[in-house]
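Notes follow the structure.
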Amino acid sequence: MINSIATAIQTVANGQNVLFPTDRVRTKSCQCACKGWLAHDVGSGLFTLTKQGIYEVEYTADITSATVGVASLELEQNGEAVGGTESLYNVATASAYGNVSGVTLIQVPCGASYTITLGNNSGLDLSVQNANIIIKKLA
């Protein structure tokens with residue numbers, strides 16, 4: 001399991017990933033005697049699931065933009081959107097924050113590995129704070 005957070009405000013350009021500088025909880029990591037199922041370098045936005053299984057991935061974040069419009073984040077698997085994980089926030093007043101969240105299950109087949117990211121797909125540059133991602137291996 002991993003719970004990574006990014007409490008400070010960061011600018012996430014359109015098409016880029018949220019970066020996570022702190023791992024609050026981290027177990028079964030690949031950096032732990034090669035018996036783990038997850039690789040994450042602190043400060044990166046990349047989470048690599050290295051073993052077959054079913055994983056629950058959940059995120060939450062406060063987002064805004066200096067531009068009025070629809071702001072959104074979504075989970076991505078190997079650079080592609082994971083359907084059903086996009087969360088939208090209508091920025092009616094520039095720089096006013098709103099909370100977004102999403103959750104999904106990811107199945108990694110035998111012999112594969114997937115890289116999971118939390119990406120900005122809104123077409124706007126976003127300010128993101130209090131970002132939180134949790135990845136749990138269920139089976």
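Positions are given from 1 along the sequence.
Taken from OG1 in T115 to NE2 in H40, the straight-line distance is 11.5 Å, to the nearest 0.5 Å. Atom NZ of K137 sits about 11.5 Å away from atom OG1 of T27, to the nearest 0.5 Å. The structure places CG of L19 at 12.0 Å from CG of D41, a figure rounded to the nearest 0.5 Å. One distance of note links OG1 of T64 with CG of L126; it measures 8.0 Å at 0.5 Å rounding. Rounded to the nearest 0.5 Å, atoms CG (N90) and OG1 (T93) are 9.5 Å apart. How far CZ of F47 is from CD1 of I116: 10.0 Å, rounded to the nearest 0.5 Å.
Of all heavy-atom pairs spanning P109 and Y114, the tightest one is CD-OH, 3.3 Å. Heavy-atom minimum distance, A92 versus V68: O-CG2, 3.7 Å. The heavy-atom pair separating S72 from S122 by the smallest distance is N-CB, 3.1 Å. Closest non-hydrogen pair, E74 versus E86, comes out as CB-CA, 3.7 Å. In terms of heavy atoms, A94 sits closest to A66 at CB-O, 3.2 Å. Closest non-hydrogen pair, T85 versus V103, comes out as CG2-O, 4.4 Å.
N17 is not listed as a side-chain neighbour of L118, based on a closest heavy-atom distance of 4.5 Å or more. Looking at heavy atoms from C-beta onward, E76 lies out of side-chain contact with V82 at the 4.5 angstrom threshold. The closest side-chain heavy-atom distance from V91 to T67 is not below 4.5 Å. With a 4.5 Å cut-off on side-chain heavy atoms, K51 and V108 do not count as touching. Taking 4.5 Å as the limit, every side-chain heavy atom of Y55 sits out of range of all side-chain heavy atoms of K136. Between T50 and L38, the closest side-chain pair of non-hydrogen atoms is not below 4.5 Å. By the 4.5 Å heavy-atom criterion applied to side chains, I133 and V57 are counted as neighbours. Side-chain contact between W37 and S113: absent, with no pair of heavy atoms (C-beta onward) separated by less than 4.5 Å.
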Review point. Would I106 and Q77 count as a side chain to side chain contact (heavy atoms under 4.5 Å, CB included) if you check the C-alpha gap in whole Å, the side-chain angles of each, and the deciding distance to 0.1 Å?
Key: CA-CA 9 Å; I106 302 285; Q77 174 182 305; 3.4 Å; yes
**Study point:** Audit row: R26, V42, side chain to side chain contact (heavy atoms under 4.5 Å, CB included) steps and yes/no
**Key:** CA-CA 11 Å; R26 185 175 180 156; V42 172; 4.0 Å; yes
Check your understanding: Should V18 and L73 be marked as a side chain to side chain contact (heavy atoms under 4.5 Å, CB included) after you check the CA-CA gap, both sets of side-chain angles, and the distance that decides it?
Key -> CA-CA 9 Å; V18 177; L73 293 176; 4.2 Å; yes
Exercise for review: Give the intermediate values and the outcome of side chain to side chain contact (heavy atoms under 4.5 Å, CB included) for residues M1 and I134.
Suggested key: CA-CA 7 Å; M1 167 192 218; I134 298 172; 4.1 Å; yes
Practice item. Apply side chain to side chain donor-acceptor pair (under 3.5 Å) to the pair D125 and N14, showing each step before the final yes or no. Key: CA-CA 5 Å; D125 290 345; N14 180 48; over 6 Å; no
Point to revise | Audit row: Y97, Y89, ring-ring contact (aromatic ring centres under 6.0 Å, His included) steps and yes/no | key: CA-CA 9 Å; Y97 280 89; Y89 169 62; 8.5 Å; no
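Defined by atom type and a distance below 3.5 Å, a donor-acceptor pair is missing between the side-chain atoms of N130 and T7. In summary, the side chains of Y59 and S87 do present a donor paired with an acceptor at a separation below 3.5 Å, with no hydrogens or angles considered. For the residue pair S4 / D23, a side-chain donor-acceptor distance below 3.5 Å is found, with atom types taken as modelled. For the residue pair Q16/N120, the side-chain donor-acceptor check at 3.5 Å is not satisfied.
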